[in-house]
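Chain A is the first sequence line, chain B the second, and so forth, proteins listed ahead of strands; every chain is numbered from 1. Side-chain atoms are counted along with the backbone in the values below, which use heavy atoms only and exclude waters and symmetry mates.
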Amino acid sequence: MKKAVLEHDTREAARELLGYYLCRETEEGLVTGRIVETEAYLYKNDPACHASRGKTRRNAAMFGPAGTAYVYFIYGNYYCFNVVTGKVGSGEAVLIRAVEPVEGLGLMQKRRGAGCAQKNLASGPGKLCQAFAIDKSLNGHDLSRSPLYLMANSQLPGDLVIKATPRVGVSSGQDKQLRFIIEGNKFLSR
DNA sequence: GTTAAGATCTGCT
DNA sequence: GCAGATCTTAACG
């Protein structure tokens, strides 16, 4: 994980993280996935960002050092997983919205429900957290270490097309192109 | 102490 | 395609 990229610019980081592997170790085994969809949340001029109204108990992890996890609970049922970016205290992060399942498909299926189609295992923020068993105990975790870490992928295909679109599910700041996807990938949330 | 809203998903039509 | 579930968090009194 190149920490310098994460610290430098949140938008750059969101694009850089596409294609990275997300790895999760538990007693049950290892699951990994390739990141195919991200969203940037900025501190400045971004009302959709949790940190836009200052530091609170929930978003404290967002103000930590780049490369740590920010996990929060939403809609009574689901977790969302972010990678903190920017310098300490900047309050920016990248939301991981979807991954392409790579290893541990059986374990993901067990967590998401037997018979769950592969393309539905982690194609959304809430689904991803279920498949990877991510909960608030990982809030603030250092993502360069076990049991949850990021890994650069040196074998990306050369014809990869990265596209920016408006963000999904936010009620404000929709004019901004801060969602990044691997175009044409089958495992996007939409 | 009380209330309204939310970076979503699933099931049913 | 659309409405409901569900509960934590934060703002307000």
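- Backbone-only contact: A:R112 has heavy atoms under 4.0 Å from sugar-phosphate atoms and none from a base.
- The closest side-chain donor-acceptor pair between A:R24 and A:S146, if any, does not fall under 3.5 angstrom.
- Electrostatic pairing of A:E39 and A:R97 counts as a salt bridge here, judged by a charged N lying under 4.0 Å from a carboxylate O.
- There is a side-chain donor-acceptor pair under 3.5 Å between A:Y149 and A:E25.
- Remark: P of B:dT8 and CZ of A:R179 are 11 Å apart, rounded to the nearest angstrom.
- Non-hydrogen atoms lying under 4.0 Å from DNA chain C are contributed by A:F73, A:Y75, A:G76, A:N77, all within residues 73-99 of chain A.
- Rounded to whole angstrom, the span from the CE atom of A:M62 across to the P atom of C:dA10 amounts to 12 Å.
- The separation between A:R53 atom CZ and B:dA7 atom P is 9 Å, rounded to whole Å.
- A donor atom on one side chain and an acceptor atom on the other are found under 3.5 Å apart for A:E37 and A:S189.
- Rounded to an integer number of Å, the gap from CZ of A:R190 to P of C:dG1 is 11 Å.
- Here A:Y43 contributes atom OH and A:E92 contributes atom CD; the two are 9.5 Å apart, rounded to the nearest 0.5 Å.
- The interatomic distance linking A:L42 (CG) with B:dA7 (C1') rounds to 13 Å, in whole Å.
- At a cut-off of 3.5 Å, with distance as the only test, no side-chain donor of A:R111 or A:Q130 sits close to an acceptor on the other residue.
- Between the CG atom in A:L150 and the OG atom in A:S144 there is a gap of 9.0 Å [rounded to 0.5 Å].
- Under 4.0 Å is where a charged nitrogen must lie from a carboxylate oxygen, and between A:D46 and A:R167 at least one such pair does.
- Counting only Watson-Crick or G-U wobble pairs whose defining distances are both under 3.5 Å, the stems of 3 or more consecutive pairs in DNA chain B are B:1-6 with C:7-12, B:8-12 with C:1-5.
- Using a 30° and 60° split on the angle between ring planes, A:Y70 and A:H50 fall in the perpendicular class, above 60°.
- One can place CG of A:N139 at 13 Å from C1' of C:dT9, the figure rounded to the nearest angstrom.
- If you take CD of A:E37 and C1' of B:dT8, they are 13 Å apart, rounded to a whole angstrom.
- Atom CZ in A:R58 sits roughly 9 Å away from atom P in C:dA11 (whole-Å rounding).
- Contact annotation: A:T56 side-chain N/O to C:dT9 OP1/OP2 distance is not under 4.0 Å.
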